[in-house]
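First up is the structure itself, then whatever we jot down about it.
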There are 2 protein chains.
Amino acid sequence: MIKIGELSKVTGCSVQTIRHYEKEQLIASAERSEGNFRLYDEVAVEQLLFVKHCRSLDLSLPEIRQLLGLSRSPGAQCDDVNRMMDRHIEQVEARIQELTKLNEQLRMLRRSCSNRRTVEQCGILRNLSATPVSSG
Amino acid sequence: MIKIGELSKVTGCSVQTIRHYEKEQLIASAERSEGNFRLYDEVAVEQLLFVKHCRSLDLSLPEIRQLLGLSRSPGAQCDDVNRMMDRHIEQVEARIQELTKLNEQLRMLRRSCSNRRTVEQCGILRNLSATPVSSG
DNA sequence: GATTGACTCTATAGTTGTTATAGAGTTTAT
DNA sequence: ATAAACTCTATAACAACTATAGAGTCAATC
């Protein structure tokens with residue numbers, strides 16, 4: 001059994017984050033020592049790594065909670081899991097599109113000013129004052 | 001002179017957001033009517049649209065404040081504006097790269113499960129339990 | 001003149017996923 | 001006994017809003 005500091009080292013999650021996940025029910029409530037310290041075993045390490053992996057894929061805490069719920073009802077069809085993943089993938093792709101558009105606009109704006117002018121002539125500031133392109 | 005509700009309609013910023021921008025010093029403090037209502041003129045509309053345009057380019061409120069400061073000191077070189085834009089563009093591109101990688105991982109994960117299995121056999125859940133790929 | 005409805009005011013809390021802090025208690029080593 | 005390193009809970013901060021409560025203002029109608 002290890003304490004929270006060691007779990008933090010092993011998993012790469014900060015101590016506060018681990019406590020936060022416990023409060024949010026993403027990992028099981030830890031056993032406590034006599035002195036009220038949280039104690040973890042190998043299973044807890046695996047659970048936390050699962051959550052961490054999900055977070056690295058930008059799944060939200062409620063989404064992760066849902067996945068955990070599904071994985072605990074083994075008879076369920078995994079259509080639900082797939083639906084969530086599909087929705088998530090859509091969101092990520094939409095965000096990539098947004099940012100790509102944004103990037104083009106930023107680069108265009110940046111080209112409108114070459115250095116060594118005073119801001120009075122600065123094309124960037126002038127363009128920012130103009131009415132923005134339709135926000136997509 | 002128009003009141004905040006009208007300014008909101010004209011600019012597409014919510015009333016609360018306008019008040020928020022005022023508190024954060026992104027727009028000038030509005031004049032007040034006898035009854036303490038904020039009053040705005042054409043200049044205020046332009047200022048708010050400038051801020052809105054910057055926000056649509058994902059510039060942070062502090063960044064916008066900095067731009068406003070620069071635009072108010074007309075003798076200054078616009079190198080500073082350019083530096084900020086360059087940094088911002090870098091950030092956006094880094095984020096695009098991150099999300100693109102993420103998207104690949106999600107799609108790979110998604111392929112690991114075809115529908116109509118029970119979650120016991122679900123490739124997605126199985127893969128999420130495995131040690132994650134190095135987090136970029 | 002009183003009331004209604006639409007608007008505005010301030011101040012405060014909620015959102016998301018952490019991170020940081022304060023103030024206290026516990027363990028381990030010296 | 002004491003210090004260092006750890007842990008505990010509870011609370012606030014971050015960003016950029018959004019939402020709410022409770023009160024005040026204004027124009028129009030009865």
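Being a predicted model, the structure only gives us computed values, none of them experimental. The chains referred to below are lettered A, B, ... by the order of the sequence lines, with proteins before strands, and numbering in each begins at 1.
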What is the distance, rounded to the nearest whole Å, between atom [atom1] of [X] and atom [atom2] of [N]?
X	N	atom1	atom2	value
B/Ile64	D/dA16	CD1	C1'	10 Å
A/Ile4	C/dT19	CD1	C1'	14 Å
B/Gln16	D/dC17	CD	P	11 Å
A/Tyr40	D/dC8	OH	C1'	12 Å
B/Phe37	C/dT8	CZ	C1'	4 Å
B/Lys9	C/dA6	NZ	P	12 Å
A/Asn36	D/dC6	CG	P	19 Å
A/Leu7	D/dC8	CG	P	11 Å

Which residue lies more 5' along DNA chain D, comparing B/Glu34 with B/Asp58 via nearest heavy atoms: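 The answer here is B/Asp58.
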
5′-ward residue of the pair B/Leu59/B/Lys3 relative to DNA chain D: B/Leu59

Nearest-0.5 Å distance that lies between atom CD in B/Gln47 and atom OG in B/Ser71: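 That separation rounds to 9.0 Å.
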
Distance-only, no hydrogens or angles: does the [X] side chain make a donor-acceptor pair with backbone N or O of [Y] under 3.5 Å?
X	Y	result
B/Arg65	B/Glu24	yes
A/Glu90	A/Arg87	no
A/Thr100	A/Ile96	yes
B/Thr11	B/Leu7	yes

Any A/Thr17 side-chain N or O less than 4.0 Å from OP1/OP2 of C/dG17: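 No, no such contact exists.
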
Distance test, side-chain N/O of A/Arg38 to OP1/OP2 of D/dT9, below 4.0 Å: yes

Residue pair B/Arg55, B/Glu63: steps toward the salt bridge (charged side-chain N to carboxylate O under 4.0 Å, His left out) verdict: CA-CA 10 Å; B/Arg55 285 296 299 138; B/Glu63 281 172 334; over 6 Å; no

Residues touching DNA chain C, which here means a heavy atom under 4.0 Å, drawn from residues 18-33 of chain A: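 Those residues are A/His20, A/Tyr21.
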
Heavy atoms from other residues, nucleotides or ligands near CD of B/Gln91 exceed 12 (cutoff 6.0 Å):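 Counting other residues, nucleotides and ligands, CD of B/Gln91 exceeds 12 neighbours.
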
